[in-house]
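Quick notes on the structure that follows.
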Amino acid sequence: MKLLAIEATQNAYYYQSRYRQITDFGGDLFVLNGVGTDDLWPADHYRVAGSAHIDELIRHARAWHEQEHFDGVLTFSESGVVAVAAVAAALGLPGIGVEAAVTSRNKLLMRQAHERGAAAHPAFRHVPDVDAALRAAEEFGYPVILKPTLGAASNFVFRIDDAEQLRTRFAQAREGIEGMSWYTMEAGGLDLGPHGLLVESFLDGHEHLIEALVWDDEVYLGSIVDRVTIEGDTFDDDVHHAPTALTPQQVADVHAVVAAGVRAQGLRRSALHAEVRFHEGRPYLLEIAVRPGGGGLDHMARLSAGYDPIRAVMDVARGVKPDVRHFTPTDVHTAAMCIISPAGTVESVGVPPEVAEAPSLFYLKIMARPGDVIRRPPHGNNIIGGIGATGTSLDDAMKTATDLAGKVEVQFL
């Protein structure tokens, strides 16, 4: 199968390991970047358009398609889902459609769709200025959540506990989202909906990350991962465990709310990454993205539930139903976490053999390179990388992953 992966603006080398997974699974992968480096992918399967505008991406993709006859087009990037939907439509290849992609990318449009579709979600307001934010917070009651409409990876997402804090965080977020990489990596020439901020009511329960699939009218929960981060007023989304601690009834409730959200977003055939949070015993939707979750969630899905999100993306892209079943956990305990450092400019990142060769290690990705600038909240949410380990129990897996992460050596200029 010939597949075309697209990034309007290359996200460093973050998706390179997933591109390699596609080739390992038998895919013949071609990569088209609007703007990018020359060394991301083998030269005979790689092109850089020289522009991130959607017209140029479509022009280059169409010309390449006439030569190679691609079976499908895909992306792993939250900033690429709308561009890929537009390219797929232009090339006559399977896709979710531009309207569903925009609804699934823009958090305001997503919330409005959930509201229309009666899918449980937090109360929300689009807040064009700080006065509107203060009014919404007063209506919902503190604490509240402040977040971008076109964000990702928890960038400029804040828990707000009072009006003074809201004034400070609103100013930081309003300024920060203009240069936020997940926004600037979008293709030009697309209407992505409002670019701004939301205030949402706070959900006070446990949170879960789900790799899922919709195929025609059936929604499958492939894997469920528990988020076990100790939270402050920012959200690093940095520690996860699977299999889930949810009861069978809670899993059924999660399935119901995810299915309602999927249909509300107009999705019929797509790989999905859903995030839900419980509040007063009920699951509510945080988001449903139309691509797999990041970090090591694909590895955790395979080990803890026998579901492969990467293979699912490959199949959906070419219009073939993936091999999927409803959620069935295994007895393998996994823990994964981000490798987080202070802010600064990276001089070097070293991984000693005792980490790289650890028998329990199932995932290690070092994203930071020498010269990279690490920004931490409230100025950004950059990380060094991610790591994951297996264990005989939650505590065993968590301790092993934490110990291995602590041995990664980061030096700053």
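In what follows, every heavy atom counts, from backbone to side chain, and hydrogens, waters and symmetry copies are set aside. In this text, all values refer to a predicted model and were calculated from it rather than measured experimentally.
Nearest heavy-atom pair, L40 versus Q16, reported as atom, atom and distance to 0.1 Å: O-NE2, 2.8 Å. For the residue pair R277 and L203, the shortest heavy atom distance occurs at NE-O, 2.8 Å. D323 approaches D315 most closely through the heavy-atom pair N-OD2, 4.3 Å. The nearest pair of heavy atoms linking V351 to I366 is CG2-CG1, 3.9 Å. Across every non-hydrogen atom of A61 and L91, the tightest pair is O-CD2, 3.9 Å. Between E211 and A301, the shortest heavy-atom contact is CG-CB, 4.4 Å.
Proximity of a side-chain donor or acceptor of S304 to a complementary backbone N or O of P243 within less than 3.5 Å is not detected. The backbone N or O of D396 sits less than 3.5 Å from a side-chain atom of S393, completing a donor-acceptor pair. Without hydrogens or angle criteria, T244 side chain to L246 main chain gives a donor-acceptor distance under 3.5 Å. The backbone N or O of A245 sits less than 3.5 Å from a side-chain atom of D226, completing a donor-acceptor pair. Between the N382 side chain and the R376 main chain, no donor and acceptor come within less than 3.5 Å of each other. Without hydrogens or angle criteria, E7 side chain to N11 main chain gives a donor-acceptor distance under 3.5 Å. Remark: the backbone N or O of D204 is paired with a side-chain donor or acceptor of H279 at under 3.5 angstrom. Proximity of a side-chain donor or acceptor of T334 to a complementary backbone N or O of A242 within less than 3.5 Å is detected. At distances below 3.5 Å, at least one donor-acceptor pair connects side-chain atoms of T23 with backbone N or O atoms of R20. Under a 3.5 Å cut-off, the side chain of S104 and the backbone N or O of M110 do not form any donor-acceptor pair.
Using a 4.0 Å cut-off between charged side-chain N and carboxylate O, D298 and R18 make a salt bridge. E275 and R227 are not joined by a salt bridge, as no carboxylate oxygen comes within less than 4.0 angstrom of a charged side-chain nitrogen. A salt bridge between E139 and R125 is present, with a side-chain N of the basic residue lying under 4.0 Å from a carboxylate O of the acidic one. Under the 4.0 Å criterion applied to side-chain N and carboxylate O atoms, R268 and D217 are not assigned as salt-bridge partners. Under 4.0 Å is where a charged nitrogen must lie from a carboxylate oxygen, and between D253 and R282 no such pair does. A salt bridge is absent between D131 and R135; no separation between the charged side-chain nitrogens and carboxylate oxygens falls under 4.0 Å. Salt-bridge formation is detected for the pair D308/R302: a Lys NZ or Arg NE/NH1/NH2 atom is positioned less than 4.0 Å from an Asp or Glu carboxylate oxygen.
When side chains are defined from C-beta on, L192 counts as touching V82, because their heavy atoms get closer than 4.5 Å. Between L74 and V84 the shortest side-chain heavy-atom distance does not fall below 4.5 Å. The shortest side-chain heavy-atom distance between S79 and R105 falls under the 4.5 Å cut-off. Counting heavy atoms from C-beta outward, D216 and R269 have side chains that approach closer than 4.5 Å. Looking at V98 and V102, their side chains come closer than 4.5 Å, going by heavy atoms from C-beta outward. A heavy-atom distance below 4.5 Å is not found between the side chains of I384 and C338. Here the side chains of I288 and V262 are in contact, with some heavy-atom distance below 4.5 Å. The side-chain heavy atoms of D372 and T345, taken from C-beta on, include no pair separated by under 4.5 Å.
Ring orientation note: the planes of Y19 and Y15 are tilted relative to one another, at an angle of 30° to 60°. Taking the six-membered ring where tryptophan is involved, the planes of F362 and H299 are tilted, since the angle between them lies from 30° to 60°.
Between atom CD1 of residue I374 and atom OG of residue S341 there is a gap of 5.0 Å, rounded to the nearest 0.5 Å. Rounded to the nearest 0.5 angstrom, T390 OG1 and M300 CE are separated by 10.5 Å. For the atom pair CE of M180 and CZ of F156, the computed distance is 7.0 Å after rounding to the nearest 0.5 Å. A distance of 10.0 Å separates CD in E186 from CD1 in I54, rounded to the nearest 0.5 Å. Summarising the geometry, atom NE2 belonging to H206 is positioned 5.0 Å from atom CZ belonging to F278; distances are rounded to the nearest 0.5 Å. Between the CD1 atom in I210 and the CZ atom in F327 there is a gap of 9.5 Å [rounded to 0.5 Å].
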Residues H45, D28; criterion side chain to side chain donor-acceptor pair (under 3.5 Å); working and verdict: CA-CA 9 Å; H45 279 54; D28 189 10; 2.8 Å; yes
Let me see the working for T37 and Q10 under side chain to side chain donor-acceptor pair (under 3.5 Å), right down to the final yes or no. CA-CA 8 Å; T37 64; Q10 181 182 329; 3.1 Å; yes
I'd like to know whether N33 forms a side chain to side chain contact (heavy atoms under 4.5 Å, CB included) with I6, so could you lay out the CA-CA distance, the side-chain angles of the two residues, the decisive distance to 0.1 Å, and finally the verdict. CA-CA 6 Å; N33 285 345; I6 291 177; over 6 Å; no
Begin with the C-alpha distance, continue with both residues' side-chain angles, and end with the deciding distance and a verdict on side chain to side chain contact (heavy atoms under 4.5 Å, CB included) for V258 and V276. CA-CA 8 Å; V258 171; V276 302; 4.1 Å; yes
Please test Y307 against T328 for side chain to side chain contact (heavy atoms under 4.5 Å, CB included), starting from the C-alpha separation and ending with a verdict. CA-CA 9 Å; Y307 172 68; T328 307; over 6 Å; no
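K107 forms no cation-pi arrangement with F124, by the criterion of a distance under 6.0 Å to the ring centre and an angle within 45° of the ring axis.
Annotation for E175: atom CD does not count as buried by contact number, only 12 or fewer foreign heavy atoms lying within 6.0 Å. By the 6.0 Å contact criterion, CG on D38 is open, its count of non-hydrogen atoms from other residues, nucleotides or ligands being 12 or less. Residue-environment remark: CZ (R375) stays at or below the threshold of 12 foreign heavy atoms within 6.0 Å. Heavy atoms from other residues, nucleotides or ligands lying under 6.0 Å from CD of E178 number more than 12. The 12-atom threshold is exceeded at CD of E218, counting heavy atoms of other residues, nucleotides or ligands nearer than 6.0 Å.
Side chain to side chain, D39 and Y46 fail the donor-acceptor criterion of an N or O pair below 3.5 Å.
Checked against the 6.0 Å centroid criterion, the rings of W64 and F70 qualify as a close aromatic pair. Between H121 and Y284, the gap from one ring centroid to the other reaches at least 6.0 Å.
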